[in-house]
Amino acid sequence: MAIPYNKRTHRNGELRAENAGQTVRLVGWVASYRDHGGMVFIDLRDREGITQVKFNPETDPQAHALARTLRNEDCIAVEGQVALRGTNINPKLPTGEIEVEGRAVDLLSKSDPTPFEIDDFTKANEDLRLQYRFLDLRRPAIQKVLRLRHDIAKAVRDYFDAQGFLEIETPVLTKSTPEGARDYLVPSRVQPGSFFALPQSPQLFKQLFMIGGCDRYAQIVRCFRDEDLRADRQPEFTQIDVEMAFVQMEDVMEAVEGCVAGMFRVAKGIDVPRPFPRISYSESMDRFGIDRPDMRFGLELRDVTDVVRDCGFQVFSNAVQSGGVVKCLVVKTSEGADRLTRKITDGLTEELKGIGAGGMPVTKVVSGTNGLEFSTGVAKFVQPVCEPLCRQAGAGPGDFLFFGAGKYGDVCKHLHHARTRLIEILELKPSTEWNLLWVVDFPMFEWDDTEKRYFSTHHPFTAPRDEDVDRLSTEPDKVRAKAYDLVLNGTEMAGGSIRIHRRDVQQTVFKLLGISEEEAKIKFQFLMEALRFGAPPHGGIAFGLDRWVMLLAGKESLRDVIAYPKTQRAVCPLTEAPGPVSDDQLRELGIDLRPEVRARLEEKAASAQQTVHRAHDEEQ
RNA sequence: GGGCCCGUAGCUCAAUUGGUUAGAGUACCGGACUGUCGAUCCGGUGGUUGAGGGUUCGAAUCCCUUCGGGCUCGCCA
């Protein structure tokens, strides 16, 4: 008689000693089988955990006979009685104090041998696991992450709901935006030759919500960017998108801190201290060389421009003369300076060259006969300024100094890279587990030397600080934005701003960015129109949900926290998307592939065909 | 687009550095075993060394091309 699998009594992580004696019905997959000739043990797995089921040939010969044939990943239903394990408890399982004595078992669905082993010990490579993601998802470690992601998303929704925010959906088929990342385009059949763009973020829609009187909006929303991937970058990702009307920076930041605190509570069970510390953009750049500092480690940058100005070392004096800076970072003996070898410093220098640095001067401080001296590397060039240099850098005997010289931005970039790598190489211990902070006072604009024009540091709708508005037309470089980034352990986790709500200011900013009135009209006419009708002051923020889950789950790749992620080449190994479409589909859309693209596709199809033929021939 | 690394049984890896018939663990199949729990023991099946070309008496190993994967720079307001 068939077991009613739709009427299970428990999940596989639930049963405890107090359930002993109960008759239960379980369903799930065979995670492991152990056949002793007599007794057969099955580990039954579902989303919630694992329960051991025992089949005894003497008491239940029929069930035992079937149980012997079960293999990994067979889908089964079991009926039996919960029994205490006595001295044979398994401390590794929450259900380890009990087992189910199987009275009956049904095979619901037989499994082929799987392409890799479905357990948390599996060593199968990621590509294979993504190709068979439906099997990978059965692994407890992945289930745990999916659960965490759900819990975090729920905490976020509950929080914003309690704070009076509405979740309102925004279109996925929308309009291509200028600047920013490349858009994913979707052709329109109804309007041949016209394309939708998938949103990089619902930025303008949420601003219009505020102008539309929605007051407070928060949405968990999918966003798309057709750029090259990284471990922490996917072409489609999920944002927690927030916007509030009648607010100043403080109000948004306070609201965000409450949300973040909620995420930490649900994911880690800890209460993070509030308010989060703040650091200005310029201080962060000066001290860490980056606008998203990881302050859990020392190794701060020191400016030594004035000290080395006249030391005679050309690399330094050239940098100073052309208006640049010289900075250094010190590795103290307490931070493992004694473990730095020539091989390590040379390797680091090579890496720095790889990101565009000319090199990286290095030296070491020692106690000499006449006080402090430099002993290696560029020692002889900087020896004359040894004492003041060490004083300025805060270096003492045994410490290493790594220098960067040149344009401020380049020096910051290079020394930040060096700092990050040295932290890894020296395996420095972080001072705390979670370093949450706000970076504020960003400049409104950055000058791009290649294109000879300004770009928005944040985006073109960010408001300038009130006291800087007058400088917009006179000294754009000096204008600071009402923008704020939330940084966690050196990763940007959220970024937002107060928006421009005055039409004239928005026009001025567009002008500064080289967006003509005509262009603005084509691309943002709806925004410019909206700004004519009583737009309230408003602002907001967006967090990368995937990144939050990644950090809170302790994973190193976004692929570990997304159910169906894409590989570095932006393809889905499971579905093999993106794929070609038929000529009919293209014709209907009025699209013709460029000849070189078409040729390449045909070439690829032909070689695939050849492989198939060869395999076929061998079969016969 | 650039740089670096990887590709050998279904899976994870070896192969004495160019030398005989490419091995092991695991999975799978058969057998043994009544307390295991990443079960154990015995036996067996399983290979286009990613693909194509070249060098060589001889290639998994060297060279070229190509495909796929990963990290990274550019890029990602």
Side-chain angles (χ1 to χ4, degrees), chain A residues 31-44 50-59 64 71-73 83 85-93 95-96 99 111-132 135 177-183 200-201 203 223-235 237 350-357 413 417 421 442 444-446 448 450 454-462 481 483 492 495 497 513 515 544 556-557 559 567-569 571 573 576 603-604 607-608 610-611 614-615 618:
Chain A
S32 166
Y33 65 93
R34 297 175 291 278
D35 184 349
H36 286 256
M39 215 69 86
V40 168
F41 299 96
I42 300 284
D43 283 348
L44 189 60
I50 284 176
T51 301
Q52 173 166 291
V53 186
K54 176 180 73 175
F55 294 93
N56 187 326
E58 282 162 17
T59 57
H64 174 264
R71 291 296 176 268
N72 289 342
E73 301 314 317
R85 285 220 218 167
T87 55
N88 295 310
I89 63 163
N90 182 354
K92 291 182 189 170
L93 292 180
T95 59
E99 63 192 348
S111 173
D112 279 352
T114 52
F116 59 91
E117 283 140 72
I118 314 302
D119 57 40
D120 288 341
F121 309 106
T122 195
K123 288 175 183 162
N125 76 46
E126 191 180 21
D127 192 41
L128 188 78
R129 290 195 287 112
L130 292 182
Q131 194 185 334
Y132 293 92
L135 294 177
T177 48
E179 305 202 46
R182 294 183 184 90
D183 291 312
Q200 295 176 25
S201 84
Q203 180 60 36
C223 302
F224 307 85
R225 291 178 189 176
D226 188 4
E227 292 293 345
D228 287 357
L229 280 65
R230 288 283 188 284
D232 63 352
R233 247 192 259 161
Q234 281 274 309
F237 58 99
E350 282 310 306
E351 270 185 54
L352 268 283
K353 284 179 183 168
I355 61 168
K413 178 183 163 189
H417 184 92
R421 290 287 294 128
F442 283 86
M444 274 282 280
F445 308 105
E446 284 164 28
D448 184 288
T450 339
Y454 286 107
F455 277 86
S456 299
T457 304
H458 192 60
H459 60 50
F461 318 109
T462 299
E492 184 192 327
S497 64
L513 292 171
I515 301 173
E556 299 202 334
S557 168
R559 295 185 296 269
T567 68
Q568 192 164 42
R569 295 200 183 184
V571 302
E576 296 186 309
E603 202 176 293
K604 217 172 170 178
S607 74
Q610 215 174 0
T611 314
R614 202 173 301 137
E618 277 180 19

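Order of the sequence lines fixes the chain letters, A, B, ..., with proteins taken first and strands second; residue numbering starts at 1 for each chain. FYI, side chains are in, hydrogens and waters are out, and symmetry mates aren't considered; it's all heavy atoms of this structure. Predicted, not measured: the structure shown is a model, and the values here were computed from it.
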Checklist entry - Would you call A:D183 and A:Q200 a side-chain contact if the rule is heavy atoms closer than 4.5 Å? => result yes
[N] phosphate, OP1 or OP2: any side-chain N/O from [X] under 4.0 angstrom?
X      : N     : answer
A:R569 : B:C67 : no
A:T567 : B:G69 : yes
A:R34  : B:U36 : no
A:K123 : B:G25 : no
A:T114 : B:G10 : no
A:H36  : B:U36 : no
A:Y33  : B:U40 : no
A:Q568 : B:C71 : yes
A:R233 : B:C73 : no

Just call it for [X]: base, sugar-phosphate, or nothing, with non-hydrogen atoms closer than 4.0 Å on any strand.
X      : result
A:K54  : base
A:T457 : sugar-phosphate
A:N125 : sugar-phosphate
A:G37  : base
A:V571 : sugar-phosphate

Item to check | Partner set under salt bridge (Lys or Arg N to Asp or Glu O under 4.0 Å) for A:E556, not counting sequence neighbours | outcome: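 Salt bridge (Lys or Arg N to Asp or Glu O under 4.0 Å) list for A:E556, sorted by chain: empty.
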Checklist entry - Does A:K413 have any salt bridge (Lys or Arg N to Asp or Glu O under 4.0 Å) partners at least two apart in sequence or in another chain, and if so, which? => result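 None.
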Kindly say whether, by distance alone, the side chain of [X] makes a donor-acceptor pair under 3.5 Å with the base of [N]?
X      : N     : answer
A:R85  : B:C37 : yes
A:E117 : B:U12 : no
A:E99  : B:G35 : yes
A:R230 : B:G74 : yes

What distance, rounded to whole Å, do you find between the two [atom1] atoms, one in [N] and one in [M]?
N     : M     : atom1 : answer
B:G53 : B:U61 : P     : 14 Å
B:G46 : B:U55 : P     : 34 Å
B:C33 : B:G70 : P     : 48 Å
B:C76 : B:A59 : P     : 49 Å
B:A60 : B:U16 : C1'   : 15 Å
B:C62 : B:G58 : C1'   : 13 Å
B:G2  : B:A14 : C1'   : 34 Å
B:U20 : B:A15 : C1'   : 14 Å

Checklist entry - Mind checking what makes side chain to side chain donor-acceptor pair (under 3.5 Å) contact with A:D35, not counting sequence neighbours? => result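 Result, side chain to side chain donor-acceptor pair (under 3.5 Å) vs A:D35: A:R68.
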Are there any protein N/O atoms within less than 3.5 Å of an N/O atom in nucleotides 42-46 of chain B, and if so, which ones and at what distance?
none

Next on the checklist: Both A:F41 and A:S32 contact RNA chain B. Which one's nearest nucleotide lies toward the 5' end?
Outcome noted: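 Closer to the 5' end of RNA chain B: A:F41.
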Checklist entry - For RNA chain B, whose closest nucleotide is more 5', that of A:D43 or that of A:A124? => result A:A124
Item to check | Salt-bridge present (A:R559, A:E126; N to O < 4.0 Å) | outcome: yes
Checklist entry - Can we say A:R34 and A:D43 salt-bridge, meaning some charged N sits less than 4.0 Å from an Asp/Glu carboxylate O? => result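 Counted as a salt bridge, because a side-chain N and a carboxylate O are separated by less than 4.0 Å.
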Checklist entry - By side chain to side chain contact (heavy atoms under 4.5 Å, CB included), which residues pair with A:R421, not counting sequence neighbours? => result A:L348, A:E351, A:H417, A:E424, A:I425
Item to check | Sequence-distant partners of A:T457, side chain to side chain contact (heavy atoms under 4.5 Å, CB included), two or more places apart | outcome: A:F442, A:P443, A:E446
Using whole Å, report how far [atom1] of [X] lies from [atom2] of [N].
X      : N     : atom1 : atom2 : answer
A:K413 : B:C75 : NZ    : P     : 8 Å
A:I118 : B:U26 : CD1   : C1'   : 14 Å
A:L128 : B:G10 : CG    : C1'   : 9 Å
A:D127 : B:C67 : CG    : C1'   : 12 Å
A:D112 : B:C29 : CG    : P     : 11 Å
A:Q52  : B:U36 : CD    : P     : 10 Å
A:E126 : B:G69 : CD    : P     : 11 Å
A:R421 : B:U72 : CZ    : P     : 11 Å

Checklist entry - Nearest to the side chain of A:R225, which nucleotide is it out of B:A77, B:G10, B:C29? => result B:A77
Next on the checklist: Let's see if you can work this out: which of B:G35, B:A77, B:G74 has an atom nearest to the side-chain heavy atoms of A:D228?
Outcome noted: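 Nucleotide nearest to A:D228's side chain: B:G74.
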Can you tell me the Watson-Crick or wobble partner of [N], both distances under 3.5 angstrom?
N     : value
B:G38 : none
B:A14 : none
B:C28 : B:G44

Next on the checklist: Checking one value: the base orientation of B:U61, syn if chi is within 90 degrees of 0, otherwise anti.
Outcome noted: anti
